[in-house]
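Only one structure is covered here, and it is reproduced in the block below.
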Amino acid sequence: DLVPQARYALERMVTFVQESDYIVAPDTTSSTKVLTVSERLSDHYTNATRVYTAAGDGIPDADNDWNGLINDGGGVPVELITFHLDETDATNGRLMEKMPDYGTSQTGDHKGEIIICEHVTEFSCKRLSAGIVEITLTLQQGSKAVTLRTTAKARWVD
């Protein structure tokens, strides 16, 4: 039961890292329990009308001015997605995801955080170079535990 949860969480984080053009955390000097990258990937709503649809509109949601370019300057702020470990329940660590809320006309606002993985005892991220991040995730339930580690390269970071 733990392996599919851990794989889903890692694959989700890797997807966003691979499409990122800006890695905020971790920095290159330390390991953290936070992964924050620019969001370039989602297409869950129609940008012009801000109506959510399953198919989207073919324009990535982070393209705030709908010109086909993401994070292209001109006063359009970078939209960030953050993953962090919530340890408020000592018996059940939860890996949380916070995404921008593209359903409003404002930039910089976020949807409520969602749980993408439970039973997390360790979550750490370390930046190995400008565009490469190592992610480690350990889940434990009772006497069963699984640890997965992977590296991800941001396609748009030099």
Result of checking Arg94, Lys98, His84 against Glu113 for side chain to side chain donor-acceptor pair (under 3.5 Å)
His84

Verify the neighbour count for atom CG of Asp89: are there more than 12 heavy atoms of other residues, nucleotides or ligands below 6.0 Å?
yes

Kindly compute the distance separating CD (Glu118) from CG (Leu95), expressed to the nearest 0.5 Å.
10.5 Å

Distance from Met99 atom CE to Glu39 atom CD, nearest 0.5 Å?
4.5 Å

Sole candidate of Val37, Thr82, Thr36 that passes side-chain contact (heavy atoms from CB on, under 4.5 Å) when paired with Val24
Thr36

Return yes if some donor-acceptor pair links the side-chain N/O of Ser20 with the main-chain N/O of Phe16 below 3.5 Å, else return no.
no

If you look only at pairs with a residue in residues 121-133, which of them pass as a side chain to side chain donor-acceptor pair (under 3.5 Å), with sequence neighbours excluded?
Glu122-Thr138

Do Phe83 and Leu148 belong together in a cluster built from hydrophobic side chains that touch within less than 4.5 Å?
yes

Verify, without hydrogens or angle tests, whether Gln141 (side chain) and Leu2 (backbone) share a donor-acceptor contact under 3.5 angstrom.
no

Quick one: hydrophobic cluster around Val34, which other residues, with the 4.5 Å side-chain cut-off, linked directly or via members?
none

For Gln140 and Gly142, indicate whether the former's side chain and the latter's backbone hold a donor-acceptor pair under 3.5 Å.
yes

Common cluster, Ile132/Leu35, ILVMFWY with side-chain heavy-atom separation under 4.5 Å
no

